[in-house]
Amino acid sequence: MTITMPPGRDGRRDPAALAGHEDHPPRMGFFTDTSVCIGCKACEVACKEWNLIPQDGLNFLGTSYDNTGELGANSWRHVAFIEQSRPVEVPGETGFDLAGSAAAAWEQGGGATLTGDAGGAPPARDGMRWLMSSDVCKHCTDAACLDVCPTGSLVRTELGTVVVQEDICNGCGYCVPACPFGVLDQRKPDGRVWKCTLCYDRTRNGLEPACAQACPTDSIQYGPLDELHERADARLARLHEQGAGEARLYGRDEGDGVGGFGAFFLLLDDPEVYGLPPDPVVTTRDLKGMWLAAAKAGAALAAVAVAAVLGGRR
C-alpha cells in the first residue's frame, strides 16, 4: 500500500505529519559514515548499557572478528567486519592509506583523507582491506512494519523515527517478515519485538543518542535529516575527488523503494558486501492491488456460483 505523504517545510515528504504530528520539530536521523568506522563497537556497548539490552554476541562464529553476526532483539546496533582480499593502495614507504584497507584516516574536524604520492596514484599491492560498518534500523520513510502492526505497538514519533512500544506488542511477529532489512526480531521467551528506538527517551529531551555520543570518530552522526543529507553529499564528493570511486550513499535517495531512510549510510562498496539489499522495497507496496485483485476474484467466483444455481433451477 503506497501512501502519498504531505510535504514538509522544505518540500520533502513528511512522515511525522502523516502520523498526525501537526506542529513537530525537524525530522531527526542518523548518518553513518563507514569510511571512518574503526570497528571499536563502542556504539554496541553504549546502546546496550543505555537501553538495558541483554548480552549476546558472545559466541565464536568463525566467520570474522565480528561475533554479533547481525541485528536482532538483543543487538540494536551491529558493527560488521568485512574482510576483502584485493589490491591495497600504499602511497609510500612511510604512509598507509587507511581508506584503502579498513577505514579512512581521520583528521580533526575534517574527516578522512586519502593520501598519495604527489607524482600520481599510489601503487597497488596484494593485501587485505577491512570494511567496517555500524548497522542499525533504517527508520524508513515508508515503513512496512507500521503498516502491518495490528495493535499500534509500532508508532511514528514527532521526530520521524519508528519506535516499538513493548508494553503494547502482542508478539504476533507480523512486522518481522515485513521489514526488508531483517531488522525486527522477537526476543525469547516473551516473543515481543525489540529494535532501535533512536534513543527516543533521549532525543525527545534534546539529547544525542547513546551510540552517536560514544562513537570516537564521529562515524555515527545524529541531527536534523536535512543537515545530515548536506553533510553526506559533501563527504561523498570529497571521497570521489580523493579517488574513492566506489563510495556511495545508501538510503539517501527519497526515490528508492522505501522513500529514503531516516538512518542512512556512506558505503565504500556495494550494499551486498555489507549484507544490505541493493534495492529495498517496502513489502506492503502492492498490498492495495493484492486486495483489489482478491476482491475481483471473489466477486467473479460469486457470480459463477449464482449463475450455476440459477441455471440448475431451470
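Residues: numbered from 1 along the sequence shown.
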**Study point:** CA sep, side-chain torsions, deciding dist, call: Arg129, Glu246, salt bridge (Lys or Arg N to Asp or Glu O under 4.0 Å)
**Key:** CA-CA 14 Å; Arg129 77 168 180 174; Glu246 293 182 341; 3.7 Å; yes
For the residue pair [X] and [Y], establish whether any side-chain heavy-atom pair is separated by less than 4.5 Å.
X	Y	result
Lys195	Val163	no
Asp233	Arg252	yes
Asp135	Phe181	no
Gln213	Ile220	no
Arg204	Thr157	no
Leu71	Cys137	no
Phe264	Leu228	yes
Asp56	Lys48	yes

[X] with [Y], same ILVMFWY side-chain cluster at under 4.5 Å:
X	Y	value
Leu146	Tyr200	no
Val155	Val258	yes
Leu184	Trp194	no
Trp76	Val176	no
Leu154	Tyr174	no

Please round to the nearest 0.5 Å and tell me the distance separating atom [atom1] of [X] and atom [atom2] of [Y].
X	Y	atom1	atom2	value
Arg156	His139	CZ	NE2	9.5 Å
Cys211	Lys41	SG	NZ	13.5 Å
Leu268	Leu239	CG	CG	7.0 Å
Cys215	Glu208	SG	CD	9.5 Å
Asp147	Asp142	CG	CG	8.0 Å
Leu276	Leu267	CG	CG	6.5 Å

Identify the two heavy atoms, one from [X] and one from [Y], that lie closest to each other, and give their separation to 0.1 Å.
X	Y	value
Gly152	Gln165	O-NE2, 3.0 Å
Cys169	Thr151	CA-OG1, 4.4 Å
Ala73	Asp185	N-OD2, 3.1 Å
Ile38	Pro216	CD1-CG, 4.1 Å
Thr34	Ser133	CG2-OG, 3.3 Å
Cys37	Ser219	CB-OG, 3.7 Å

Testing the 3.5 Å rule here: is there a donor-acceptor pair between the side chains of [X] and [Y]?
X	Y	value
Asp201	Trp50	yes
Thr68	Glu44	yes
Gln221	Arg231	yes

Practice item. List the steps, then state whether side chain to side chain contact (heavy atoms under 4.5 Å, CB included) holds for Tyr250 with Tyr274. Key: CA-CA 11 Å; Tyr250 180 70; Tyr274 296 84; over 6 Å; no
Pair [X] + [Y]: basic N to acidic O under 4.0 Å:
X	Y	result
Asp14	Arg27	no
Asp167	Arg192	no
Asp269	Arg248	no

Point to revise | Atom CZ of Phe81: over 12 foreign heavy atoms under 6.0 Å | key: yes
Point to revise | Within 6.0 angstrom of Glu70 CD, more than 12 heavy atoms from elsewhere | key: no
Exercise for review: Please lay out, stage by stage, how Phe265 and Phe30 fare under the test ring pair (Phe, Tyr, Trp, His ring centres under 6.0 Å).
Suggested key: CA-CA 8 Å; Phe265 303 79; Phe30 281 134; 9.1 Å; no
Check your understanding: Any donor and acceptor pair, going by atom type alone, linking the side chain of Lys138 with main-chain N or O of Val136 inside 3.5 Å?
Key -> yes
Point to revise | Flag, side chain of Asn205 to backbone of Leu207, donor-acceptor distance under 3.5 Å | key: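 Checking the backbone N and O of Leu207 against the side chain of Asn205, no donor-acceptor pair under 3.5 Å is found.
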Point to revise | Criterion side-chain contact (heavy atoms from CB on, under 4.5 Å) against Cys145, the qualifying member of Val162, Val164, Val193 | key: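 When side-chain contact (heavy atoms from CB on, under 4.5 Å) is applied between Cys145 and each of Val162, Val164, Val193, only Val162 qualifies.
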Point to revise | side-chain contact (heavy atoms from CB on, under 4.5 Å), paired with Leu159, selected from Thr203, Leu225, Leu198 | key: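 The side-chain contact (heavy atoms from CB on, under 4.5 Å) with Leu159 is passed solely by Thr203 among Thr203, Leu225, Leu198.
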**Study point:** From CA spacing to verdict: side chain to side chain contact (heavy atoms under 4.5 Å, CB included), Asp256, Asp279
**Key:** CA-CA 7 Å; Asp256 66 15; Asp279 298 303; over 6 Å; no
Exercise for review: Show your working on side chain to side chain contact (heavy atoms under 4.5 Å, CB included) between Val36 and Arg235 and close with a plain yes or no.
Suggested key: CA-CA 11 Å; Val36 294; Arg235 175 76 178 128; 4.0 Å; yes
Review point. Can you check whether Phe31 and Tyr222 have ring centres sitting under 6.0 Å from each other?
Key: no
Exercise for review: For side chain to side chain contact (heavy atoms under 4.5 Å, CB included), just list the numbers for Ile53 and Arg187, CA-CA rounded to whole Å, side-chain angles, deciding distance to a tenth of an Å, and then say yes or no.
Suggested key: CA-CA 11 Å; Ile53 303 174; Arg187 182 178 295 171; 4.1 Å; yes
